Amino acid sequence: MDVMYVVSNREASRVLLPLLRASRRRGTTWGCFFTDTGVEVLDDADIRGLMPCAARAVACEFSWDRFRQGHQCPVEMGSQTNHSAMAAEAKHIVSL
């Protein structure tokens, strides 16, 4: 994976969306790991719509249960172990 976006803040959607669109246009392989309040970014329909383009998209299960409990998670549920594995595969990491 060329770029891994680590989304840990609910305000990240305004930056993440243009980055994901640019990555798709350039043919960059990318993935996202959503943690802490960053899981709330998945409420954005435009961001959810780009998740099928990701090499991998994972939400921290603990964070999802804490901030989005009762809602259906639109990406794979995982843990910090998934985060570590994705980081090991990524050429670049962008933390938002």
Side-chain angles (χ1 to χ4, degrees):
M1 158 182 357
D2 294 318
V3 180
M4 175 185 171
Y5 297 103
V6 180
V7 185
S8 60
N9 186 305
R10 68 175 54 96
E11 301 298 322
S13 61
R14 62 189 170 151
V15 175
L16 180 63
L17 185 58
L19 287 172
L20 295 181
R21 287 178 173 158
S23 294
R24 184 180 63 176
R25 278 194 310 272
R26 296 197 75 187
T28 302
T29 59
W30 55 271
C32 289
F33 186 84
F34 300 90
T35 190
D36 200 52
T37 61
V39 296
E40 295 177 0
V41 168
L42 290 166
D43 288 342
D44 184 310
D46 291 328
I47 289 176
R48 279 193 320 272
L50 288 168
M51 290 302 104
C53 301
R56 191 163 183 202
V58 179
C60 173
E61 187 172 4
F62 176 77
S63 297
W64 190 265
D65 287 343
R66 182 172 178 204
F67 297 104
R68 304 304 299 142
Q69 187 173 29
H71 294 88
Q72 180 77 22
C73 184
V75 298
E76 177 186 348
M77 296 282 270
S79 68
Q80 295 301 322
T81 302
N82 298 100
H83 175 270
S84 297
M86 290 172 71
E89 295 175 16
K91 293 178 184 171
H92 304 282
I93 297 174
V94 176
S95 182
L96 303 170

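None of these values were measured; they are calculated from a predicted model.
- F62 CZ: 12 or fewer foreign heavy atoms inside a 6.0 Å radius.
- Rounding to the nearest 0.5 Å gives a distance of 12.5 Å between CE of M4 and CH2 of W30.
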Can you check side-chain contact (heavy atoms from CB on, under 4.5 Å) on L20 and C32, steps first, answer last?
CA-CA 10 Å; L20 295 181; C32 289; 4.0 Å; yes
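- Residues satisfying the ring-ring contact (aromatic ring centres under 6.0 Å, His included) test with F33, not counting sequence neighbours, are H83.
- The hydrophobic cluster containing F34 also contains Y5, counting ILVMFWY residues as joined when their side-chain heavy atoms lie under 4.5 angstrom apart, directly or transitively.
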For residues 88-96, which side-chain N or O atoms pair as donor and acceptor with protein atoms under 3.5 Å away, sequence neighbours left out?
{"residue": "K91", "atom": "NZ", "partner": "D2", "partner atom": "OD1", "Å": "3.4"}

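- Note that the CG atom of L19 and the OG1 atom of T28 stand 10.5 Å from one another [nearest 0.5 Å].
- Of the possible polar contacts, none joining the W64 side chain to the G78 backbone as a donor-acceptor pair under 3.5 Å is found.
- The distance from atom OG of S23 to atom CZ of R21, rounded to the nearest 0.5 Å, is 12.0 Å.
- Smallest separation of non-hydrogen atoms from Q80 and T35: NE2-OG1, 3.4 Å.
- Both V75 and F67 are part of a single hydrophobic cluster, where members link through side-chain heavy atoms under 4.5 Å apart.
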Side-chain donor-acceptor contacts of residues 36-60 below 3.5 Å, not counting sequence neighbours, with atom names and distances?
{"residue": "T37", "atom": "OG1", "partner": "R10", "partner atom": "N", "Å": "3.1"}
{"residue": "E40", "atom": "OE1", "partner": "R10", "partner atom": "NE", "Å": "2.6"}
{"residue": "E40", "atom": "OE2", "partner": "R10", "partner atom": "NH2", "Å": "3.4"}
{"residue": "D43", "atom": "OD1", "partner": "R68", "partner atom": "NE", "Å": "3.3"}
{"residue": "D43", "atom": "OD1", "partner": "R68", "partner atom": "NH2", "Å": "2.9"}
{"residue": "D43", "atom": "OD2", "partner": "R68", "partner atom": "NH2", "Å": "3.3"}
{"residue": "D44", "atom": "OD1", "partner": "D46", "partner atom": "N", "Å": "2.8"}
{"residue": "D44", "atom": "OD1", "partner": "I47", "partner atom": "N", "Å": "3.2"}
{"residue": "R48", "atom": "NH1", "partner": "L42", "partner atom": "O", "Å": "3.0"}
{"residue": "R48", "atom": "NH1", "partner": "D43", "partner atom": "O", "Å": "2.7"}
{"residue": "R56", "atom": "NE", "partner": "E76", "partner atom": "OE1", "Å": "3.1"}
{"residue": "R56", "atom": "NH2", "partner": "E76", "partner atom": "OE2", "Å": "2.8"}

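- In this structure, the side chains of V6 and M86 stay at 4.5 Å or more apart for every pair of heavy atoms.
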